[in-house]
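A quick write-up on the structure given underneath.
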Amino acid sequence: MSDIPKTYAPHGAEAKWYSAWDSRGYFKPRGDGRPYVITIPPPNVTGSLHIGHALGYTIHDALIRWKRMQGYDTLCVPGTDHAGIATQNVVEKELRKEGLSRHDLGRERFIERVGTWVDEYGGMILRQLRRLGCSFDWSRTRFTMDDGYVKAVMECFVKWWEEGLIYRGKRVINWCPRCLTAISDIEVEHVDRVGKLYHLRYPFKDGSGLIVVATTRPESMLGDTAVAVNPQDERYTEHVGKIIILPLVGREIPLVADDYAKPEFGSGAVKVTPAHDANDFEIGLRHNLPQVIVIDERGTMNADAGAAYAGLDRFEARERVLADLQSRGLVERIEDYTVPTALCDRCKTVIEPLLSEQWFVRMKELAQPAIDVVKSDRVRFIPERYARIYYDWMENIRDWTISRQLWFGHRIPVWTTDDGEYIVARSEEEARAKAGDRPITQDEDVLDTWFSSAHWPQAVLGWPDRTADLDRYYPTSVLITAREILYLWVARMIMTGMHFMNEIPFSDVYIYPTVLNEEGKRMSKSLGTGLDPLDLIDHYGADALRFALLVRTAKGQDFRFASVTNGRQRQVEEARNFANKVWNASRFVLMNLGDNSAEHKPEWVESEALADRWILSRLNETIDEVNRAMDDYRMNDAAQTLYHFFWDDFCDWYIELSKSSVASREATEEVRAARNRIIYILETSLRLLHPLMPFLTEEIWQRLPHRGESIMLARYPEADLARVDNEAASQMQTVIALITRVRNIRSELNIPASSRLRLYAAPTDAAAERLVRQNESQIKRLARVEEIVIVGQLPTLDSAARGLVAGFEIAVPLEGLIDIAKEQERISKEITRRENEAKGLASRLDNHSFLERAPHDVVEQARDRHQELIAEMEKLTATLRSFS
RNA sequence: GGGCGGUUAGCUCAGCGGUAGAGCAUCGGUCUUACAAACCGGGGGUCACUGGUUCGAUUCCAGUACCGCCCACCA
């Protein structure tokens, strides 16, 4: 039977089974039974697999495989997101290598170029997911810009426009001077930077002195159109209404009273720049102030900034303005200050708040139904705490800037007629029809990427058409995602689902942990993870990577994942070792199938033998716990339960205990029954493990006799709790304790494994005696004992090691082998250990309050244990005395 | 500024009112014919700190420190 290699070789198995599964159509839904549906978070087309993806999609696959084996009609829809800004950036970078910019190509050719790039290099990540083993329905793969998807996006825009939820507005938005587009509030990253706070002097026109204002951005003063003070601020009451001459510019601006000004900050007076600050914009509206744009979309000062500054970069302008003010004595002081700074979360460029005309979505009324479904538990967050974070955002929701000044994306379906009317339509034809004879031009901008992904669950199933998929598979079962897109994506999907489907998009939202590096910081591509999932798969196999991740995926608790050092990643290595353990246990079973391996009689599983009753009991407890854990998204518990059952219970005890019969040369009925039992346990374990380790389990399963087409089509085990046998468990515990005690004596007294011992055992009752007699051969084998002598009382022996086990006193005669001093030391240690425990118990039992207030069973338990310890100590002390 | 998580053996993490667990690492011993990526045995923790509640706290409450994350229009 040497045709089975000693170690599991993942690569052959992975390639072979993945294509077999895929070509046989196993990843597609069956079409009958209860649906269980997941639409994956679509990764960016430009993306490649990083460790966070590997975790997220492994969870997807484990759950979908588990449900599929349980008989659900499972569907997991994959796809990619066009990721407007990110993708455009990548292609522009390509062009730059050729010395071109997108403007050299023009819009149309640039879009073509992006298309080519996406076809050629995009979606690589989906191919990488196959390496992980993901059983997604590739025939339903979607892209947020495929034809059907465009239809969904247009439908939404038109509907929202008709319902008055979309509007065009001029206001201060977040502008990225590098990406040259507006971005929404949640695409802005806030950081604190060391900087300065500048206190500037603004003179009153009437010569009655000056007023001091504080700012972190002196260059913006060129666009000031007022200074504001708090109406309650008595220091300024007499000055309100006065005219100020704006330094360097000479513009006359008023001193207005507005609540926004906080008297306790700086001088209490704040300069107002309505075109370059969202708050100032609001103040401007309240006081009817002019809006002067002085910084253009590239972050360069424009003509309105004045001839001295026009053309300067905003940061250069800052220095120049400052120098000019200083030379005029208009800088009161400069202090160190931590400046809250807004960055573009894509490119980390400092955001320029800019007055600009954009398209917005009114969010308040969309948010309400989406809040309600979470409040009423129709949508459940796992872990629950995210519901509160969701409410905080949803209840203070602000309008959504959806237009982007990019070329790649969904072009905004708004056309303007020559007389200035907006025509909103699903297509150009429709727009032309609506416009009649008037010439129309389409809006140049595209939609925020998240505007399209907001429809993902329904759109990938066919919406806005009423398709069979949509009927059958919507709403979906669970959304599994990373924490950072809770607002950006999850919240918006719930809103669109409620709005267009009048139904929740999914009932569970599982936010999985973030993978951290050794320092406890989140792994991100920009920081460099030092970890490539594909390298890990190449090195250790996909199952090992999957298991290594799942075994630490507690419900919502981030975990650290080491990087590769000296070519090794110890956590994945551990999991690989487990895979190898499964492989070798299976190898043992397969090597002992015997000639009649095809035979299988269900009654052979039944057995009176302790080990058999015990392993069946443990197996069913395991099945029960694994199913519960999976159902509760406790992937770590499922993985650990299986690890422990398989390695400790099955390999270390059951296989060892069954070896003599399973590996026997004579194929008696009894032996064949034993072989069938062990196959049964192994086969069930493989099915249990399959969602976590699909390739390994299939590779082994296929070698088992008569198992059918694929483990993927096998039924997931269901616990039979009638099989849980507490008596067998406690008896087995005693047998294990007895064997361990003997091994321990052997090890501590340095007795070679080769020397066969005689064991005297004095059971305390008839049950204990029966236990030893019935399991004698196995105890002898595992404890490496030649003979077990059962006695009523231990004989006096000249030199022997003694020990206590629940239900027994034992002695091992060791003529010539024993080191008396060592044995004394060993016994003393046993006594001390018990003394310490007894001391603690005694002090509690002496405490009146404890006796009065603690529950009776706790007191009783303490009393019993105390008695037991005292009895054991007496025996041990007697043993110790016998040496002298 | 507000909020949320974390702090348990050398490392990665469970546990969360009755006196601490796992895996790995470490130490000692094994080629015991499935597996040395293994087997057998051992050692190792004042459960971050300070108070409080309780007969009893790692576990509950309050506060402190440190680490991490999210949100925020104080110029």
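These figures come from a predicted structure and were not determined experimentally. Chain naming here is simple, since letters A, B, ... match the order of the sequence lines and numbering starts at 1 in each.
As judged by a 4.0 angstrom heavy-atom cut-off over every strand, A:F578 is placed among residues making no nucleic acid contact. Using a 4.0 Å heavy-atom criterion, one finds that A:F265 contacts the bases of the nucleic acid, with or without backbone contacts as well. Looking at heavy-atom distances under 4.0 Å, A:Q557 makes contact with sugar-phosphate atoms alone, never a base. Residue A:R844 is in base contact, counting any heavy-atom pair closer than 4.0 Å across all strands shown. In this structure, A:G541 reaches neither bases nor backbone, as no heavy-atom distance under 4.0 Å exists between it and the strands shown. Residue-level contact check: A:R576 touches the bases, meaning some heavy atom is under 4.0 Å from a base atom. Residue-level contact check: A:G520 touches the backbone only, with heavy atoms under 4.0 Å from sugar-phosphate atoms and none from bases. Nucleic acid contact class of A:A278 (heavy atoms, under 4.0 Å, all strands): none. The residue A:A554 sits close only to the backbone: its heavy atoms come under 4.0 Å of sugar-phosphate atoms, none of a base. Backbone-only engagement by A:T740 is indicated by non-hydrogen atom pairs under 4.0 Å involving sugar-phosphate atoms exclusively. Among the protein residues, A:D652 comes within range of the sugar-phosphate backbone only, with heavy atoms under 4.0 Å from sugar or phosphate atoms but none that close to a base. Nucleic acid contact for A:N580: base, since at least one base atom lies under 4.0 Å from a heavy atom of the residue. Within the nucleic acid shown, A:R746 has no heavy atom closer than 4.0 Å to any nucleic acid atom. Across all strands, A:Y260 comes closer than 4.0 Å to base atoms (heavy-atom distances).
An OP1 or OP2 oxygen of B:C70 is reached within less than 4.0 angstrom by no side-chain nitrogen or oxygen of A:R483. Considering only side-chain N and O atoms, A:Y337 lies under 4.0 angstrom from the phosphate OP1 or OP2 of B:A75. Between A:R398 and B:C73 there is a side-chain N or O to OP1 or OP2 distance below 4.0 Å. Considering only side-chain N and O atoms, A:N744 lies under 4.0 angstrom from the phosphate OP1 or OP2 of B:G42. A close approach under 4.0 Å does occur between a side-chain nitrogen or oxygen of A:R833 and OP1 or OP2 of B:G43. The side chain of A:W647 places no N or O atom within less than 4.0 Å of a non-bridging phosphate oxygen (OP1 or OP2) of B:A37. For the OP1/OP2 pair of B:G42 and a distance below 4.0 Å, the side-chain nitrogens and oxygens of A:K829 include no atom meeting the criterion. Checking the phosphate oxygens (OP1, OP2) of B:A14, no side-chain nitrogen or oxygen of A:K555 falls inside 4.0 Å. Note on A:K271: every side-chain N or O is 4.0 Å or more away from OP1 and OP2 of B:A75. Within the structure, a side-chain polar atom (N or O) of A:N577 is placed less than 4.0 Å from OP1 or OP2 of B:A38.
Taking the six-membered ring where tryptophan is involved, the planes of A:F561 and A:F559 are perpendicular, since the angle between them exceeds 60° and thus also 30°.
Residue order along RNA chain B, read from the 5' end via each residue's closest nucleotide, puts A:Y8 first among A:Y8 and A:E484. The residue among A:R217 and A:S747 whose nearest nucleotide of RNA chain B is located toward the 5' end is A:S747.
Base-pair partner of B:G17: not found among the strands shown (Watson-Crick or G-U wobble, both distances under 3.5 Å).
For the pair A:D558 CG and B:G68 P, the computed distance is 13 Å after rounding to whole Å. For the pair A:Q569 CD and B:U12 P, the computed distance is 12 Å after rounding to whole Å. Counting to the nearest Å, the P atom of B:A36 and the CG atom of A:N584 are 7 Å from each other.
For the pair A:R171 and A:E282, the salt-bridge criterion is not met [side-chain N within less than 4.0 Å of a carboxylate O].
In this model, a donor atom of one side chain and an acceptor atom of the other lie less than 3.5 Å apart for A:E335 and A:H199. A:Q291 and A:T225 are not linked by any side-chain donor-acceptor pair at a separation below 3.5 angstrom, with hydrogens and angles left out of the test. With no hydrogens or angles considered, no side-chain donor-acceptor pair links A:Y260 and A:D280 at under 3.5 Å.
Between B:C49 and B:G42, the two C1' atoms lie 33 Å apart (nearest whole Å).
Between A:F547 and the options A:F646, A:Y540, A:F578, a ring pair (Phe, Tyr, Trp, His ring centres under 6.0 Å) holds for only A:F578.
Counting atom types as modelled, A:E656 pairs a side-chain N or O with a base atom of B:A34 as donor and acceptor under 3.5 Å. Looking at A:K6, its side chain has no donor and acceptor atom pair within 3.5 Å of the base of B:C35.
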Run the numbers on A:T273 and A:F281 for side-chain contact (heavy atoms from CB on, under 4.5 Å), then give the verdict. CA-CA 7 Å; A:T273 323; A:F281 174 76; over 6 Å; no
